[in-house]
> 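Sharing a structure here in structure tokens format.
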Amino acid sequence: MCSTCGCSGDGGPVVTDLSDGGKHSHSHEHGPGHSHGHDHGPGHSHDHDHDHDHDHDHDHDHDHATTVTHQPSTRLVDLEVEVLAKNDLLAARNRGWFEGRGILALNLMSSPGAGKTSLLERTIRDLSSELSLSVIEGDQETVLDAERIRATGCRVVQINTGSGCHLDADMLARGLRTLDPPAQSVVFIENVGNLVCPALFDLGEASKVVIMSVTEGDDKPLKYPHMFRAADVLLLNKLDLLPYVNFDVERCIGYAKQINPGIEVLTMSVTRGDDLERWYDWLRRQVTAA
């Protein structure tokens with residue numbers, strides 16, 4: 001159970017290698033090069049003697065309602081700190097793994113339908129002859145987006161989170177073990193479509209990229225400040241639809257800068273190909289820095 005958002009990855013995430021269709025489920029891995037195999041098969045058992053003596057005599061009067069005041073909310077805060085602290089430790093391991101291999105990892109986040117997968121398809125087709133690219137896809141269910149990426153000829157691994165609403169550092173580590181990206185390459189991480197929890201979970205990436213479309217409303221940076229505060233760059237997509245929607249580009253950029261003065265904003269239309277070269281130039285600069 002993720003105490004931050006209440007999501008639960010029942011049964012654990014499933015990693016699918018699109019090159020062979022193989023699925024790899026939960027295995028308690030703690031980094032791309034570190035794992036503990038726990039085989040809990042039908043014959044596996046733990047001898048836990050839970051002797052709960054139910055003969056509890058309550059020969060005293062007390063008000064049960066008043067004895068638990070504030071405890072649930074206090075424990076929730078403790079759990080949130082524990083979950084994020086553990087994730088940050090695993091993210092640091094991922095980051096070291098990337099840096100040791102000269103790999104640039106980018107965490108792409110957005111609402112569903114903002115254009116993450118379309119952006120990746122276009123980027124791969126335009127830059128695959130120049131850069132070594134691979135993708136980790138995050139979705140609750142299906143391999144639909146991963147199939148789209150595979151159709152470009154790019155190496156891709158799918159992570160299905162079940163009821164989970166975001167990727168975390170441990171899931172990414174498992175995906176990386178399957179993906180096995182080459183040194184001096186770029187790994188795009190397409191997070192689950194969600195403007196809330198993905199912003200809170202460090203994966204070990206070099207940069208966070210938030211994609212937003214003009215169909216979402218220009219007030220999104222104010223409504224979801226954690227996402228825009230965490231992002232290094234905002235890609236404002238679908239400008240070809242401006243004649244058909246009520247969206248003020250300058251106001252949206254102003255809100256984003258109000259939340260995060262250092263955020264870089266790039267406007268574009270992926271489907272029409274407008275201004276994509278600015279995104280490619282940004283990407284090349286990050287590769288050089290990595």
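Computed from a predicted model, the values in this text were never measured in an experiment.
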> Under the rule for salt bridge (Lys or Arg N to Asp or Glu O under 4.0 Å), what residues qualify as partners of Asp275, not counting sequence neighbours?
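Asp275 satisfies salt bridge (Lys or Arg N to Asp or Glu O under 4.0 Å) with no other residue.
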> Quick test of your reading: applying ring-ring contact (aromatic ring centres under 6.0 Å, His included), list the pairs with at least one residue in residues 202-231, sequence neighbours left out, ordered by first then second residue.
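Listed once each, the pairs would be none.
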> Quick one: list whatever passes salt bridge (Lys or Arg N to Asp or Glu O under 4.0 Å) with Arg125, sequence neighbours left out.
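None.
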> If the condition is side-chain hydrogen bond (donor to acceptor under 3.5 Å, both in side chains), which residues does Thr267 pass it with, not counting sequence neighbours?
none
> Transitively linked via ILVMFWY side-chain contacts under 4.5 Å: Leu195 with Ile211?
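No: no chain of side-chain contacts under 4.5 Å links Leu195 to Ile211.
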> Which value, rounded to the nearest 0.5 Å, describes the distance between Met109 atom CE and Met212 atom CE?
14.0 Å
> Applying salt bridge (Lys or Arg N to Asp or Glu O under 4.0 Å), name anything that partners Glu205, two or more places apart in sequence or on another chain.
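So Glu205 forms a salt bridge (Lys or Arg N to Asp or Glu O under 4.0 Å) with Lys208.
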> Once salt bridge (Lys or Arg N to Asp or Glu O under 4.0 Å) is applied, do any residues pair with Asp219, and if so which ones, sequence neighbours excluded?
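Listed in chain order: Lys223.
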> What residues, two or more places apart in sequence or in another chain, satisfy side-chain hydrogen bond (donor to acceptor under 3.5 Å, both in side chains) together with Arg251?
Asp218
> Using side-chain hydrogen bond (donor to acceptor under 3.5 Å, both in side chains) as the criterion, list what pairs up with Asp88, not counting sequence neighbours.
none
> Filter on ring-ring contact (aromatic ring centres under 6.0 Å, His included), then keep only pairs touching residues 263-290, sequence neighbours left out; what's left?
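Residue pairs passing ring-ring contact (aromatic ring centres under 6.0 Å, His included), neighbours aside: Trp279-Trp282.
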> Hydrophobic cluster membership, with links at side-chain heavy-atom distances under 4.5 Å among I/L/V/M/F/W/Y: are Val265 and Leu242 in one?
yes
> Hey, mind stepping through Asp145 and Lys116 against salt bridge (Lys or Arg N to Asp or Glu O under 4.0 Å) and telling me if it holds?
CA-CA 10 Å; Asp145 286 351; Lys116 295 190 301 298; over 6 Å; no
> Ile159 and side chain to side chain contact (heavy atoms under 4.5 Å, CB included): which single residue from Asn191, Leu167, Asp139 fits?
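In the set Asn191, Leu167, Asp139, the residue that makes a side chain to side chain contact (heavy atoms under 4.5 Å, CB included) with Ile159 is Leu167.
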> Within the 3.5 Å criterion, strictly below it, is a donor on Gln184 or Ser132 matched to an acceptor on the partner's side chain?
no
> Please determine which of Leu222, Asn260, Asp248 meets the side chain to side chain contact (heavy atoms under 4.5 Å, CB included) test together with Tyr255.
Leu222
> Are Val270 and Val210 connected in a single hydrophobic cluster, I mean Ile/Leu/Val/Met/Phe/Trp/Tyr linked by side-chain heavy atoms less than 4.5 Å apart?
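Result: no, two separate clusters.
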> So Arg278 and Asp281, salt bridge (Lys or Arg N to Asp or Glu O under 4.0 Å) or not? Walk me through it.
CA-CA 5 Å; Arg278 294 180 62 204; Asp281 286 343; over 6 Å; no
> With a 4.5 Å limit on heavy-atom distance, are the side chains of Val15 and Ile136 in contact?
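The answer is no; the side chains never approach within 4.5 Å.
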> Could you see if Phe188 belongs to whatever hydrophobic cluster contains Leu131? Use Ile, Leu, Val, Met, Phe, Trp, Tyr and a side-chain cutoff under 4.5 Å.
yes
> Once side-chain hydrogen bond (donor to acceptor under 3.5 Å, both in side chains) is applied, do any residues pair with Ser185, and if so which ones, sequence neighbours excluded?
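Applying side-chain hydrogen bond (donor to acceptor under 3.5 Å, both in side chains) to Ser185 gives none.
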> Provide the closest heavy-atom pair for Met268 versus Leu276 in the form atom of the first, atom of the second, distance.
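Where Met268 meets Leu276 most closely, the heavy atoms are SD-CD2, 3.8 Å.
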> Kindly write out the residues that satisfy side chain to side chain contact (heavy atoms under 4.5 Å, CB included) with Leu241, not counting sequence neighbours, or none if the list is empty.
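For Leu241 the side chain to side chain contact (heavy atoms under 4.5 Å, CB included) partners, ignoring immediate neighbours, are Val214, Thr215, Lys238, Tyr244.
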> For Arg155, give me all partners under side chain to side chain contact (heavy atoms under 4.5 Å, CB included), at least two apart in sequence or on another chain.
Asp17, Ser19, Ser134, Val157, Leu179
